[in-house]
Amino acid sequence: MKRIGFLAYGACLAGITALTAGSTVNSILFLHDYAGVFSALAIAGWLIASLCPITLSLFAWVMSGRIKARWLPHILFIPAAIAAFGVGSSLFFDTIGVLSDSMAGGFALLTGIGYLMLALLIHLVAAIVLGVIDVRRWANGS
């Protein structure tokens with residue numbers, strides 16, 4: 001991804017943050033009042049669910065530039081990001097004692113879900129484009 005791509009990615013992340021921050025904060029405050037206690041483990045789970053897909057995304061882009069099969073880190077990113085989000089959300093919900101299918105629980109991870117969807121979309125497109133480029137290169141014998 002070139003510089004303009006990273007700027008667009010950052011702008012999309014900022015837009016997701018601006019659109020979902022109010023709902024996320026209000027939901028987390030509601031869950032804090034409902035559960036009564038909010039431990040550091042719950043905060044760590046929320047941070048893992050929200051920020052780990054973006055961190056893995058940056059790692060995948062760095063690795064994509066260092067290996068010959070540039071599409072491979074993007075393919076590996078998809079299950080890794082989904083698993084990291086699942087682990088973080090499970091840790092968050094289990095620690096505060098709320099089911100993940102409640103409305104307040106869903107809004108608590110709204111920002112993380114937005115980050116995950118954006119990252120999955122970008123890496124799926126990148127894997128397809130880079131895979132097509134590699135197949136064309138292989139077919140031409142270079």
Side-chain angles (χ1 to χ4, degrees), residues 1-35 38-142:
M1 187 182 318
K2 303 294 182 202
R3 289 183 186 169
I4 191 75
F6 279 117
L7 287 175
Y9 196 20
C12 288
L13 289 174
I16 290 170
T17 303
L19 290 174
T20 61
S23 297
T24 300
V25 169
N26 288 337
S27 180
I28 288 174
L29 291 175
F30 172 77
L31 288 174
H32 179 269
D33 292 340
Y34 175 77
F38 228 63
S39 68
L41 199 57
I43 295 170
W46 184 84
L47 287 172
I48 290 169
S50 296
L51 300 179
C52 199
I54 300 303
T55 306
L56 288 173
S57 176
L58 293 175
F59 179 71
W61 281 108
V62 169
M63 291 307 297
S64 175
R66 294 184 180 190
I67 62 174
K68 188 172 182 175
R70 295 178 53 201
W71 51 270
L72 185 61
H74 300 291
I75 293 292
L76 295 175
F77 164 80
I78 293 171
I82 293 171
F85 179 81
V87 167
S89 64
S90 293
L91 183 64
F92 175 71
F93 290 125
D94 288 343
T95 304
I96 61 173
V98 175
L99 296 176
S100 61
D101 58 351
S102 68
M103 182 184 264
F107 278 118
L109 292 176
L110 189 62
T111 305
I113 292 169
Y115 291 163
L116 178 67
M117 291 295 125
L118 175 68
L120 289 176
L121 176 70
I122 287 175
H123 285 278
L124 183 62
V125 170
I128 291 170
V129 169
L130 293 172
V132 168
I133 289 171
D134 280 355
V135 167
R136 285 186 181 168
R137 242 187 243 150
W138 176 74
N140 291 336
S142 54

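Throughout, numbering of the chain's residues begins at 1 and tracks the sequence.
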| Geometric class of the H123/H74 ring pair [parallel <30°, tilted 30-60°, perpendicular >60°] | tilted
| Any idea which heavy atoms bring A119 and P53 closest together, and the distance? | CB-O, 4.5 Å
| said: Walk me through whether I113 and F85 qualify under side chain to side chain contact (heavy atoms under 4.5 Å, CB included). | reply: CA-CA 8 Å; I113 292 169; F85 179 81; 3.5 Å; yes
| query | Say you draw a straight line from CD1 of I82 to CG of L56; how long is it, rounded to the nearest 0.5 Å? | reply | 11.5 Å
| task | For T17 and L13, indicate whether the former's side chain and the latter's backbone hold a donor-acceptor pair under 3.5 Å. | result | yes
| field | Residues forming a side chain to side chain donor-acceptor pair (under 3.5 Å) with D94, sequence neighbours excluded | value | none
| remark: Smallest heavy-atom separation, L109 atom then S50 atom, equals CD2-OG, 4.5 Å
| Partner set under side-chain contact (heavy atoms from CB on, under 4.5 Å) for L110, not counting sequence neighbours | T20, S23, T24, F107
| Less than 4.5 Å apart, any side-chain heavy atom of W71 and any of V129? | no
| message | Ignoring hydrogens, what is the shortest heavy-atom contact between A127 and I75? Give both atom names and the distance. | response | CB-CD1, 3.7 Å
| Does the side chain of F92 reach to within under 4.5 Å of the side chain of V98, using non-hydrogen atoms? | no
| field | Nearest non-hydrogen partners of I96 and A42, listed with the distance | value | CG2-CB, 3.7 Å
| request: Might you work through the side chain to side chain contact (heavy atoms under 4.5 Å, CB included) test for I122 and S57, ending with a clear yes or no? | output: CA-CA 9 Å; I122 287 175; S57 176; 5.8 Å; no
| For L91 against A44, the heavy-atom pair lying closest together | CD2-C, 4.5 Å
| request: Measure the CG-CD1 distance between L124 and I128 for me, rounded to the nearest 0.5 Å. | output: 4.5 Å
| request: Check I16 against G114 and note the closest heavy-atom contact, atom names and distance. | output: CD1-O, 3.4 Å
| field | Interatomic distance, T95 atom OG1 to W46 atom CH2 [nearest 0.5 angstrom] | value | 14.5 Å
| task | Can you measure from CG (L121) to CD1 (I78) and round to the nearest 0.5 angstrom? | result | 10.0 Å
| query | CZ of R70 to CH2 of W61: how many Å apart, nearest 0.5 Å? | reply | 8.0 Å
